[in-house]
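None of the values given here were measured: they were computed from a predicted structure.
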Number of protein chains: 2
Amino acid sequence: MRAAKSNLPQGTLDLLILKVVALGPVHGYAIAQRLLQVSRDVVQVPQGSLYPALHRLENRGLLAADWNETETGREAKFYRLTRKGRAELGTEAASWQRLTEAVGLILGMAEGGTK
Amino acid sequence: MRAAKSNLPQGTLDLLILKVVALGPVHGYAIAQRLLQVSRDVVQVPQGSLYPALHRLENRGLLAADWNETETGREAKFYRLTRKGRAELGTEAASWQRLTEAVGLILGMAEGGTK
DNA sequence: CGCTTATACCTCGGACTTCTACACATTAAC
DNA sequence: GTTAATGTGTAGAAGTCCGAGGTATAAGCG
């Protein structure tokens, strides 16, 4: 029962990355671990999804990056949020909330009462 | 400025369709209207998304369809849930809930306290 | 020294959805 | 007869996710 497919819906990954980076500069590998930890292993981000997403966000001007040294004494690329990225985070978070509310309404629609 | 892009994340559409069909046989056009109504115009499903999705679900054996007459006296394809479809609905609904909880945890991560 | 594990970065290609736009058909209103 | 609403459908483009692979450093073990 290892199941627990991550299966993040399209577009959600960007939102989560922006949120983690908003808390302070982090490198890619740490982002994945943080998501895994906070979500209690529900959100698993493969590297093949993570790094392209980071580059996308950087190209869109939502993230900026610098090379620095990690606590373990290794070079890593630390990402931080730009002003534009912070605005985008707000927009996407609001959008996410609106969507989940709407889906909640739909899933809560009454039926016969089989349950 | 009609904004209000639906922009449903991948996979979500299937879940919503299954839920609406679970309430009773309906035809495609009515599904879109129902979603629009219940979600207060948040969930807008273009026809180019709706019909391919219905065919996908039918091919996967989650939906079955019959031609019948609508209240307005026109022929339409009425979809209903198969046993497999009902099981899938349960699985996906649970999956959705698990995911939204996880995302909620992440979005709720404390930071400085700007809020 | 060689082997393995963990950290840390990256790319490529396939597979899948979604959306814009269009085409077709029927019913009703004017 | 022409407009609008209803109702189903396809084609192509665009975008994203993920598996599989590659590079490199550091630390531990036999």
For residues 99-107 of chain A, run the donor-acceptor check on the side chains, cut-off 3.5 Å, and write out each pair with its distance to 0.1 Å, sequence neighbours left out.
residue  : atom : partner : partner atom : Å
A/Thr100 : OG1  : A/Trp96 : O            : 3.1
A/Thr100 : OG1  : A/Gln97 : O            : 2.9

Worksheet item: Of all the nucleotides listed (D/dG9, C/dT7, C/dC9), which has the minimum atom distance to the side chain of A/Gln47?
Response: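 For A/Gln47, the side-chain atoms sit closest to C/dC9.
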Practice prompt. Between D/dC17, C/dT7, D/dT10, spot the one nearest the side chain of A/Tyr29, thanks.
Written response: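 Of all the options, the side chain of A/Tyr29 is nearest to C/dT7.
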Between [X] ([atom1]) and [N] ([atom2]), how many Å, whole number?
{"X": "B/Leu54", "N": "D/dT10", "atom1": "CG", "atom2": "P", "value": "11 Å"}
{"X": "A/Leu13", "N": "C/dT17", "atom1": "CG", "atom2": "P", "value": "18 Å"}
{"X": "A/Gln44", "N": "D/dG19", "atom1": "CD", "atom2": "C1'", "value": "14 Å"}
{"X": "A/Tyr51", "N": "D/dG21", "atom1": "OH", "atom2": "C1'", "value": "15 Å"}
{"X": "A/Leu50", "N": "C/dC9", "atom1": "CG", "atom2": "P", "value": "8 Å"}
{"X": "A/Arg56", "N": "C/dC12", "atom1": "CZ", "atom2": "P", "value": "15 Å"}
{"X": "B/Glu58", "N": "D/dT10", "atom1": "CD", "atom2": "P", "value": "11 Å"}
{"X": "A/Asn68", "N": "C/dT7", "atom1": "CG", "atom2": "C1'", "value": "17 Å"}

Discussion item. So if I take residues 69-80 of chain A and measure heavy-atom distances to DNA chain C, which residues fall below 4.0 Å?
Written reply: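 Those residues are A/Thr70, A/Thr72, A/Arg74, A/Ala76, A/Lys77, A/Tyr79.
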Discussion item. Within the 4.0 Å heavy-atom criterion, would you say A/Gly48 contacts the bases, only the backbone, or no part of the nucleic acid?
Written reply: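 Contact class for A/Gly48: base.
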Worksheet entry | salt bridge (Lys or Arg N to Asp or Glu O under 4.0 Å) involving B/Glu75 - partner list, sequence neighbours excluded | none
Worksheet item: Listed by chain and number, what are the salt bridge (Lys or Arg N to Asp or Glu O under 4.0 Å) partners of B/Arg40, not counting sequence neighbours?
Response: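 B/Arg40: no salt bridge (Lys or Arg N to Asp or Glu O under 4.0 Å) contacts found.
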Worksheet item: What pairs of residues pass the ring-ring contact (aromatic ring centres under 6.0 Å, His included) test when at least one of them lies in residues 51-73 of chain A, not counting sequence neighbours?
Response: none
Worksheet item: Quick one: ring-ring contact (aromatic ring centres under 6.0 Å, His included) pairs with a partner in residues 15-48 of chain A, sequence neighbours left out?
Response: A/His27-A/Phe78
Practice prompt. Please figure out whether A/Ala30 or A/Gln10 has its closest DNA chain C nucleotide nearer the 5' end.
Written response: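 Looking at DNA chain C, the more 5' nearest nucleotide goes with A/Ala30.
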Worksheet item: Between A/Arg60 and A/Asp14, is the closest basic N to carboxylate O distance under 4.0 Å?
Response: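 Counted as a salt bridge, because a side-chain N and a carboxylate O are separated by less than 4.0 Å.
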Item to complete: For A/Tyr79 and A/Leu54, run side chain to side chain contact (heavy atoms under 4.5 Å, CB included): C-alpha distance rounded to whole Å, both residues' side-chain angles, the deciding distance at 0.1 Å, then the answer.
Response: CA-CA 9 Å; A/Tyr79 289 92; A/Leu54 285 172; 3.7 Å; yes
Worksheet item: OP1 or OP2 of D/dG9 sitting under 4.0 Å from any side-chain N/O of B/His55?
Response: yes
